[in-house]
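What follows is a short report on a single structure.
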Amino acid sequence: MSRLWSPFVQRLVPYTPGEQPKGKSFVKLNTNENPYGPSPLALEAIRNAADDRLRLYPDPTALELVTAIADTLNMAADHVFVGNGSDEVLAHAFSGFFRERGVVLFPDATYSFYPTYCQLYQLPFRPIPLDGDFRIDPEDYRGPCGGIVIANPNAPTGIALDLDEIADILRRNPDVLVLVDEAYVDFGAQSALSLVPEYDNLLVVQTFSKSRSLAGLRVGFAVGQPHLIEALRRIKDSFNSYPLDRLAVAGAVTAWRDEIWFDRTRRLVIADREWTDQALRELGFQVLPSTANFLLASHHGIRGRTLLEELRAEGILVRHFDAERTRDWLRISVGTSQECRTLLGAISSIVSRCAI
Ligand SMILES: *Cc1c(COP(=O)(O)O)cnc(C)c1O
């Protein structure tokens, strides 16, 4: 605290990102990063872009990337908006569609940046409880409200709604924006991108951080009808005209086009998720059915915090959310096959030592 802080910043409770440890090397299964690394072609493109052109500002619209994404989706470029990580795209969407609109709805266990953005932009919000199986019930999302945010698959549960259920939420709420955050969709859920032409209240947000393994490059994007994209552009140009630097555009364009790398690595993650899920069940865990690159798991004989600390002592980082519903659950990112085996070995010995 400082006497110079505004009352607003004194009250602000920022988002807490997962730990990025320095020094000691950990098996890092705490922030849902992709263990396989970015497309080698993308890395080469980034190196090739690091030259004298860096003295110039980048294209404020990142048109090369926008066009690459739009072409693949068979849409015009005016349906795509890119930003500095999908977090920034989400922030612009909260600001552009939810301010002065009414109460924002999202699930009570979801990405914790949503309440943080509501606080930042002073938006009223109402968390809607997940059902007894940690699922979103589309019937719970109906007006009057100022907007709806659904992570699909949801985090930290990994559970996805299918397209009919997303369409159901869109139809129930035709006069507010429904934001579908698809950070993990490439690991097995159905994308709502195909609904964009039909629903003028749908904005789909995706990221290069997870399935394209470029969390360090900071690139995310939104897809929606042009009137929605135009609102995001107004916000962006009132905040930072150049959110994507030249290296980010070069890397993201190439990563987007390298479908072979994208497919190979996401298939590996999916396969390792499936057997890790099964192995955890065999050790007595309850595991939610995930279509993401992480698993939410709980053991009836060990407290979440105990398991977190025991794993840390074994050099393995996972994520724990200290809220009522998730206290005895751990979110475990899917690592390489070797990291999954290391995790299971450690958990197996902790369970035999500590479970009551
Ligand atoms: C990781 C994540 C994001 C943020 O991704 P960036 O593009 O790295 O900012 C957004 N939403 C959810 C649900 C995520 O898990």
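Both ligands and their constituent atoms are indexed starting at 1 by order of listing.
- Protein heavy atom at the shortest distance from atom 15 (O) of ligand 1 is Tyr184 OH, 2.5 Å.
- The side-chain heavy atoms of Phe98 and Val149, taken from C-beta on, include a pair separated by under 4.5 Å.
- Taking only non-hydrogen atoms, the option from Leu217, Val205, Asp181, Thr207 nearest to atom 13 (C) of ligand 1 is Asp181.
- A donor-acceptor contact under 3.5 angstrom links the side chains of Tyr111 and Asp87, judged on distance only.
- Electrostatic pairing of Arg172 and Asp168 counts as a salt bridge here, judged by a charged N lying under 4.0 Å from a carboxylate O.
- Under the 4.0 angstrom criterion for non-hydrogen atoms, Lys210 is in contact with ligand 1.
- When each atom of ligand 1 is checked for a heavy atom of Gly85 under 4.0 Å away, the hits are 7 (O), 9 (O).
- Ring pair Tyr117/Phe113 is parallel by interplanar angle, where below 30° counts as parallel and above 60° as perpendicular.
- In terms of protein heavy atoms, atom 5 (O) of ligand 1 is closest to Ser86 OG, 3.1 Å.
- Counting heavy atoms closer than 4.0 Å to ligand 1, residue Ser209 contributes side-chain atoms (C-beta onward) but none from N, CA, C or O.
- Heavy-atom distances between Phe208 and ligand 1 stay at or above 4.0 Å for every pair.
- Ligand 1 has no nitrogen or oxygen under 3.5 angstrom from a nitrogen or oxygen of Tyr114.
- Contacts with ligand 1 closer than 4.0 Å are made by side-chain heavy atoms of Arg218 only, the backbone lying farther away.
- Leu54 has its side chain within reach of Arg246: a pair of non-hydrogen atoms, C-beta onward, lies under 4.5 Å apart.
- Contact annotation: the side chain of Phe221 never approaches that of Val89 to less than 4.5 Å [non-hydrogen atoms, C-beta and beyond].
- Residues Leu177 and Ile235 do not share a hydrophobic cluster, clusters being chains of Ile/Leu/Val/Met/Phe/Trp/Tyr side chains in contact below 4.5 Å.
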